[in-house]
Amino acid sequence: MTATVNLSLSPLLSTPQQPQSNRSTTTDLIKSCKNLNEIKQLHARFTKQGFNQDPGFLGKLIAKCSEIGSYDSLKYAQTAFDNFCYSEEGLNNTYKFNSLIKGYSLAGLFSDAVLIYARMVLENVEPDGYTFPLVLSACAKDGRFFEGSEIQGLALKWGFGDDVYVLNSLIHLYSECGEVDKARKVFDKMPDRNLVSWTCLICGYARREKAEEAVRLFFEMVEEEGIMPNSVTMVCVISACGKLGGLGLAERVCGYIGKAGLKVNTVMVNALVDMYMKCGSVVKAKRLFEECVDRNLVLYNTILSNYVRHGMVTEALDVLGEMLSCGGPRPDRVTLLSAISASTEMADVFLGKQCHAYILRNGLENWDSIGNAIIDMYMKCGCQEWACRVFHRMSNKTVVSWNSLIAGFLRNGDVEAACRTFNEMPENDIVSWNTIIGGLVQQSMFEDAIHLFRVMQNEGIKADRVTMVSVASACGYLGANDIAKWIYNYIEKYEIHLDMQLSTALIDMFARCGDPPSAMKLFNKMKERDVSAWTAAIGAMAMEGNGKRAVELFYEMLREGVEPDKVVFVAVLTACSHGGLVGEGMEIFRTMKEIRGISPQIVHYGCIVDMLGRAGLLKEAIDIIKNMPMKPNDAVWGAFLAACKMHKNDGMATYAADMISESSPDKAGIHVLLSNIYASGGKWTDVAKVRMSMKERGIKKNPGSSSIEVNGTVHEFTSGDESHPEQTSICLMLEEMKCRVREAGHVPDLTNVMIDVDEQEKEFLLYRHSEKIAMAFGLISTSQGHPIRIVKNLRMCSDCHSFAKLVSKVYERHIIVRDNNRFHFFQRGLCSCGDYW
DNA sequence: GGAAGGCGTA
């Protein structure tokens, strides 16, 4: 026997217990045992004293053995149980069986708990009102829906059909098994309900992605029924608020902690910290965490996992360090899961390997979630082979393991391996679909993503919020208006919860599909709006060219107390730029630094240069570039060069070109702009130089392409494309358009052709631009009155722009073109951008 | 002696 054991058993050794001593003492003693040896000693001692006939004691003993969790301790518990059960005292005693069911449940061995009940039935031991809640709870925690329903039938038979405890357990069972509608039916039919009934159902909704219903039910309980919550109810409803993500609602709910006079315990602190984190109020969460005096492991894990989720890895590592220092709780597998995720987030394979080693040293690897997180970590760190090795060695591969592998392949751009794995996996779930669809979106394979979403529907798999966020984003990039409407209808039809993220994705989708009214309708319907939602709305206005409204929205957001971030400044500055609102833009740029304390990043300087440049203030723009605290990148130069070209200022362009040549950027766009500037000035030798340098360094020009959606199918055309099945008709249509537009006064703007060829050839090339081909296809494949919607990957050229204006007039069609930074609505020979773009 | 609660991979 070791010294530790002696120490912890000392109270028992010094003061022998009497059999009649109260039960809480025996419970305390069994609870204080640290290993199997101590349990055995205590058991032997009590047996000698005749005290082991207390089934409560045996229940606790089993629970303790299971908590220790070793093979030997579990075997010991089983033997103790068997010996007890078949001894004279153990037979035909309902109370004893009930205690054992509870013991196994406490130990988390729910199937064993259910087996004890089965044994009761076999041995004709009559269950009582206590038995059913216990065993139903065990079924609930083990997800045993069918056994649970059967046991419910038996409870009815034994006359406990109206028992509030039994019915509450039933609500819990159904909720846990994902049958919250059935739980609701039980709740509605109950003759008497108590607080636990309400709490069970609220919790059921909160866990089944129906957080909104959970909160609604909570208010029904407190406001209509006048029932005050207890701490358990509060924990459930607070966690629901965290899932909804709205701080205002959460604060209203939290008011009931005070109204009910509840003391905030550690579990509630934890729920609050988690909720504040998920609602984006990191400061409040952090303060609560720091003020909590008895932080336990779960609380540490909560703050840690949320820091990781928010990408706040420095803070995460601080918390981890605090835990590992003396006095902190010992990290468990949940902690390590976050630690691995932090390594993943930082792509720090060194830290990841340290975590992996800790996991192996502490025997935590048998939890499949850990294995999956490790796969994910190695994948993110680019160690695909390590990830595959961990995967192949896993003995308990689950659908999540397969999903992690697929996500990893996609992240590393290996779409083929991802699809192969997806097809090979034994069974897939909604996340498999979400992973592959989301991955395709990440890889900019938007059409494939939409296609796969259709396949998913054909296989009868219902999409969820996550699927819809990806699909909405894909649809937005494609600018496919019909698909956008279909997506929105799908969400309404299947009642997919419109949380902040999905609403924001939909606003963005409608905006990109040239439907700002739908975007704003959705935005106005939102009950809570975070900074991303406002950014989407401001972006919608920017894309429409309504800079004024975008700026108004920005100030409205500030008035509502939403803290602006870097991204929303980009959106509003872009809006100012496209709307020609130089004064407003400069003012916002100034407040950003001076009032909001956000130091402008290169992207913001890019916006300002773009804004000044578009407005023809080239000197001011170059001053900004010269005085920026960082080195200008290709986006900044790109904006400046585009402005030089727009305002035909060759002097500035050449000046900039010299500065750019020195820094030799790698981005194709800059080289193309440079060569265009030289070309429009007729400096063909310089054009050739730029082209040579691009070729030498392997920089490829991003080819222009336009896509158009017809009847839910997206057709893509590159410039000079002849691959479409309806090529002949497209060609004929283009010829017709050319003639009719020319009659209407169109003069081809040959400065848009950047190749040194004769004028006839230039004109030929000009009529092969992808947006013109897409327009022709649009005219032949859609009926009169139907708008033609085109998405262009680059900026629209000025010739195509004036061409589109005349097409809209001659053919009496609305033409909507989204280029890489805004929308152009062509109508009756005019464009919504007022030729300012 | 009975029912309800917090953290967790893709």
Side-chain angles (χ1 to χ4, degrees), chain A residues 23 54-56 59 94-103 105 127-137 140 160 163-173 175-176 194-204 206-207 229-239 242 265-275 277 296-306 308-309 332-338 340-341 344 367-377 379-380 398-408 410-411 428-436 438-439 466:
Chain A
R23 206 170 279 137
D54 171 11
T94 306
Y95 174 43
K96 290 172 187 178
F97 273 94
N98 289 349
S99 296
L100 293 169
I101 295 174
K102 187 167 186 192
S105 287
D128 63 10
Y130 293 96
T131 312
F132 292 109
L134 281 168
V135 69
L136 283 172
S137 159
F160 300 107
D163 184 284
V164 69
Y165 280 89
V166 172
L167 292 174
N168 287 348
S169 307
L170 201 62
I171 293 174
H172 181 55
L173 171 82
S175 303
E176 288 289 291
N194 61 14
L195 178 58
V196 177
S197 324
W198 287 89
T199 306
C200 285
L201 194 58
I202 290 171
C203 177
R207 287 194 183 162
N230 65 12
S231 59
V232 181
T233 325
M234 285 315 299
V235 167
C236 297
V237 72
I238 290 168
S239 118
N265 62 18
T266 318
V267 181
M268 219 198 285
V269 171
N270 185 67
L272 286 166
V273 168
D274 193 48
M275 178 274 289
M277 277 289 202
N296 61 15
L297 180 60
V298 176
L299 186 53
Y300 271 101
N301 285 344
T302 298
I303 197 127
L304 183 61
S305 64
N306 276 296
V308 174
R309 184 174 307 140
D332 70 347
R333 52 195 201 167
V334 180
T335 323
L336 263 296
L337 204 52
S338 291
I340 286 275
S341 301
T344 312
W367 189 33
D368 48 8
S369 305
I370 282 273
N372 301 333
I374 294 173
I375 293 175
D376 192 39
M377 183 270 296
M379 278 291 195
K380 181 87 181 278
T398 62
V399 64
V400 184
S401 323
W402 289 88
N403 290 345
S404 307
L405 204 65
I406 294 172
L410 285 165
R411 197 183 285 140
N428 54 37
D429 64 1
I430 179 74
V431 183
S432 320
W433 288 95
N434 288 349
T435 305
I436 200 140
V466 181

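All values derive from a computational prediction rather than experimental measurement. Letters A, B, ... mirror the listed sequences (proteins, then strands); counts begin at 1. When reading the values below, keep in mind they use all heavy atoms of this one structure, side chains included, and skip hydrogens, waters and symmetry mates.
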Classify the nucleic acid contact of [X] as base, sugar-phosphate or nothing, counting any heavy atom under 4.0 Å across all strands shown.
{"X": "Thr266(A)", "value": "base"}
{"X": "Trp367(A)", "value": "base"}
{"X": "Asn428(A)", "value": "nothing"}
{"X": "Thr302(A)", "value": "sugar-phosphate"}
{"X": "Ala271(A)", "value": "nothing"}
{"X": "Asn194(A)", "value": "base"}
{"X": "Asn306(A)", "value": "nothing"}
{"X": "Ser239(A)", "value": "nothing"}
{"X": "Ser231(A)", "value": "base"}
{"X": "Ser404(A)", "value": "sugar-phosphate"}
{"X": "Asn98(A)", "value": "base"}

Query raised in the report: Do Asp128(A) and dG1(B) have a side chain to base donor-acceptor pair shorter than 3.5 Å?
Result: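 It does, because a donor-acceptor pair links the side chain of Asp128(A) to the base of dG1(B) below 3.5 Å.
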Nucleotide of [options] approaching [X] most closely (side-chain heavy atoms):
{"X": "Lys102(A)", "options": "dG5(B), dG1(B), dT9(B)", "result": "dG1(B)"}
{"X": "Thr199(A)", "options": "dG2(B), dC7(B), dA4(B)", "result": "dA4(B)"}
{"X": "Ala373(A)", "options": "dG8(B), dT9(B), dG2(B)", "result": "dT9(B)"}
{"X": "Leu337(A)", "options": "dG8(B), dA3(B), dG6(B)", "result": "dG8(B)"}
{"X": "Ser137(A)", "options": "dT9(B), dG5(B), dA4(B)", "result": "dA4(B)"}
{"X": "Arg207(A)", "options": "dG6(B), dG2(B), dG8(B)", "result": "dG6(B)"}
{"X": "Val298(A)", "options": "dA10(B), dC7(B), dG5(B)", "result": "dC7(B)"}
{"X": "Asn168(A)", "options": "dA10(B), dG1(B), dA3(B)", "result": "dA3(B)"}

Send over the distance from [X] [atom1] to [N] [atom2], rounded to a whole Å.
{"X": "Met379(A)", "N": "dT9(B)", "atom1": "CE", "atom2": "C1'", "value": "14 Å"}
{"X": "Trp198(A)", "N": "dA4(B)", "atom1": "CH2", "atom2": "C1'", "value": "15 Å"}
{"X": "Leu297(A)", "N": "dC7(B)", "atom1": "CG", "atom2": "P", "value": "13 Å"}
{"X": "Ile406(A)", "N": "dT9(B)", "atom1": "CD1", "atom2": "P", "value": "18 Å"}

**Report entry** Face-to-face stacking of Tyr165(A) with dG2(B), centres under 5.5 angstrom, angle under 30°
**Finding:**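 A stacking contact exists, since Tyr165(A) sits close and nearly parallel to the base ring of dG2(B).
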Query raised in the report: Phe160(A): what forms a ring pair (Phe, Tyr, Trp, His ring centres under 6.0 Å) with it, not counting sequence neighbours?
Result: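 Phe160(A): ring pair (Phe, Tyr, Trp, His ring centres under 6.0 Å) contacts with Phe132(A).
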Report task. Kindly say if His172(A) contacts the phosphate of dA4(B), meaning a side-chain N or O under 4.0 Å from OP1 or OP2. Result ->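 Answer yes for this pair, as a side-chain N or O of His172(A) is under 4.0 Å from OP1 or OP2.
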